[in-house]
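In what follows, a single structure is set out as structure tokens and then discussed.
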Amino acid sequence: MSAPPFETAFRVRDYDLASTLHSGQAFRWTADGNGWSGVVDGRWVRLTQIDEETLGAETWMEPGDWGWLRHYLQADIDLRALVTQFPSDPALLEAVKTCWGLRLLRQDPWECLASFLMSSTKQIPQIRQIVADLARCFGTPVPTPPGRPVWHAFPSAKRLSVLGEFDLRTCRMGFRARYLRAAAVWVTAGQLSLESLHTMDRTHARQALMQLPGVGPKIADCVLLFAYGFAEAFPVDVWILKALREIYFGGRAVSMSALETFAAGHFGPHGGYAQQYLFHWMRRRAGRVTAGVFGGMEEYSHGH
DNA sequence: CCCCAGGCAACTG
DNA sequence: CAGTTGCATGGG
């Protein structure tokens, strides 16, 4: 068996790594030189965008065939084919052009659920801070190259289930501690089987998640989209609410049920991708994030 | 001091 | 039912 460092390269098309890793779907990626460090599948990983057609990856543990990382990155998704299934909609096309290369990741269900339980009335930098504290305090250390900061795996449900709310609150999550503890206990006890959601349809999987205290429609949809790959899931948060109201309802107040009906009918089978583009576009316009490698200058043209 | 944050649950009318 | 309010904590 070979020794670290382990490195590989992924051939990609239309993949903007920076936008993807900072789009508010995953919370642990940290700028590291010309790349980003994080933990995937219990391994420390550093990712770089070598050029528009190549992503670089290095780790310090035996990586096998790298399938775990390819799966996480969803690098085989044909983005150009996917967006041709979007509705012919000026605002959406503008978002797609501006944020071209933005992707959906495929995250671990437990980490995704726990992270989004931390998200209610928190800004993304604060969610990142809570998740980082959780990993540092309760996660298992993972091998990293000498001279680098120590990285920890995200703590398992079993590990968190034995903690009290007081312990969890040391990570500054406030009232969310009760929700996180309940989720950890339920998942550990098998009262909610995260594995079984893979075999359910979206409606039933959503119902199962919403049994958990602290999981409403928005957080459930985030988990369905970011961890289980339900492509139609369309999380409606404050940014998307504002976007849909401005773009499609002339700024008028709209009920949540009306929005859900509209979104399901308008955005089609890849509503989740449409949502991610609208979300990122709104945040970029508000100056919360900056443009990625394609800089919004791509020659993207729509198929209609 | 104010207000708000990738929401949700509990409480009103 | 729909609409409002409290919630921990941090930052502008």
Side-chain angles (χ1 to χ4, degrees), chain A residues 19-29 95 99 102-105 107 109 111-134 136-137 163-184 186 192 206-228 230 233-247 249 252-261 263 267 271-289:
Chain A
S19 293
T20 300
L21 298 183
H22 283 293
S23 59
Q25 55 182 314
F27 299 100
R28 295 201 65 194
W29 294 102
C99 307
L102 176 63
R103 300 296 192 121
L104 289 175
L105 301 166
Q107 299 179 53
E111 178 172 345
C112 187
L113 170 62
S115 298
F116 277 97
L117 270 173
M118 302 295 98
S119 71
S120 64
T121 53
K122 279 292 183 191
Q123 298 185 65
I124 289 176
Q126 297 180 350
I127 303 167
R128 294 171 53 83
Q129 183 173 47
I130 294 170
V131 171
D133 283 355
L134 272 170
R136 182 174 50 78
C137 294
L163 302 174
E165 277 184 42
F166 181 83
D167 302 307
L168 295 173
R169 278 173 187 262
T170 62
C171 299
R172 296 175 282 185
M173 67 186 71
F175 64 89
R176 303 159 195 82
R178 186 169 68 84
Y179 301 147
L180 181 59
R181 171 165 163 71
W186 285 35
L192 172 67
R206 192 178 197 237
Q207 283 175 353
L209 286 168
M210 287 176 63
Q211 298 293 312
L212 288 167
V215 178
K218 191 269 174 182
I219 292 177
D221 284 339
C222 283
V223 176
L224 293 179
L225 183 62
F226 300 141
Y228 289 95
F230 284 97
F234 193 94
V236 178
D237 58 55
V238 288
W239 291 88
I240 289 298
L241 178 66
K242 189 176 169 208
L244 296 187
R245 220 173 36 194
E246 287 179 4
I247 298 167
F249 293 88
R252 297 189 309 277
V254 196
S255 74
M256 195 57 75
S257 60
L259 272 186
E260 285 181 11
T261 305
F267 293 108
Y273 259 93
Q275 187 271 2
Q276 195 64 10
Y277 272 94
L278 289 173
F279 176 77
H280 204 61
W281 182 53
M282 292 291 286
R283 287 176 51 78
R284 191 171 286 181
R285 285 198 312 176
R288 300 301 182 97
V289 287

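To find a chain, count down the sequence lines: A is the first, B the second, and so on, and within it residues start at 1.
- Here, B:dC8 and C:dG10 have their P atoms 22 Å apart, quoted to the whole Å.
- The aromatic rings of A:F230 and A:Y228 sit tilted, their planes meeting at an angle between 30° and 60°.
- A donor atom on one side chain and an acceptor atom on the other are found under 3.5 Å apart for A:R284 and A:S19.
- The pair A:R136-A:D133 meets the salt-bridge criterion, with a side-chain N (NZ, NE, NH1 or NH2) lying under 4.0 Å from an Asp/Glu carboxylate O.
- A:I130 places its CD1 atom 12 Å from the P atom of B:dG6, with the value rounded to the nearest Å.
- Rounded to an integer number of Å, the gap from A:R128 CZ to B:dA5 C1' is 16 Å.
- In this pair, A:F234 and A:F267 present their aromatic rings parallel. The plane angle is below 30°, not in the 30 to 60° band.
- The two residues A:L192 and A:A208 make their nearest non-hydrogen contact at CD1-O, 3.8 Å.
- Contacts between residues 235-243 of chain A and DNA chain C, defined by a heavy-atom separation below 4.0 Å, involve no residue at all.
- Between C:dA2 and B:dG6, the distance separating the two P atoms is 26 Å to the nearest Å.
- Contact annotation for A:Q276: base contact, defined as any heavy-atom pair under 4.0 Å involving a base atom.
- Annotation: the span from A:L117 atom CG to A:R181 atom CZ amounts to 14.0 Å, rounded to 0.5 Å.
- Atom C1' of nucleotide B:dG7 and atom CG of A:L180 are separated by 15 Å, given to the nearest angstrom.
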Residues A:W186, A:Q211; criterion side chain to side chain contact (heavy atoms under 4.5 Å, CB included); working and verdict = CA-CA 10 Å; A:W186 285 35; A:Q211 298 293 312; 3.9 Å; yes
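- The closest side-chain heavy-atom distance from A:L209 to A:D221 is not below 4.5 Å.
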Would you list the protein and nucleotides 9-13 of chain B atom pairs, both N or O, that sit under 3.5 Å from each other?
residue	atom	partner	partner atom	Å
B:dA9	OP1	A:G214	N	3.0

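- Separating the CE atom of A:M256 from the C1' atom of C:dG3 is a distance of 13 Å, rounded to the nearest angstrom.
- One atom, CE of A:M282, and another, P of B:dA5, lie 12 Å apart when rounded to the nearest Å.
- Atom C1' of nucleotide C:dA2 and atom CD of A:E260 are separated by 14 Å, given to the nearest angstrom.
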Which protein N or O atoms sit under 3.5 Å from an N or O of nucleotides 9-12 of chain C?
residue	atom	partner	partner atom	Å
C:dT9	O2	A:K122	NZ	2.7

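- Note: CE (A:M118) to C1' (C:dA8) measures 12 Å, nearest angstrom.
- Note: A:Q25 CD to A:H280 NE2 = 9.5 Å, rounded to the nearest 0.5 Å.
- If you take CG on A:D237 and SG on A:C222, they are separated by 7.0 Å, rounding to the nearest 0.5 Å.
- Nucleotide B:dG6 holds its C1' atom 13 Å from the CZ atom of A:F234, rounded to whole Å.
- Note on A:S257: nothing from the nucleic acid sits closer than 4.0 angstrom, heavy atoms only.
- With both ends at atom P, the span from C:dG6 to B:dC4 equals 14 Å, rounded to whole Å.
- Using a 4.0 Å heavy-atom cutoff across all strands shown, A:F226 reaches at least one base atom of the nucleic acid.
- For A:R285 and A:W281, the positive end sits near the middle of the six-membered ring, less than 6.0 Å away and at most 45° from its axis.
- Atom CZ of A:R178 is surrounded by 12 or fewer heavy atoms from other residues, nucleotides or ligands within 6.0 Å.
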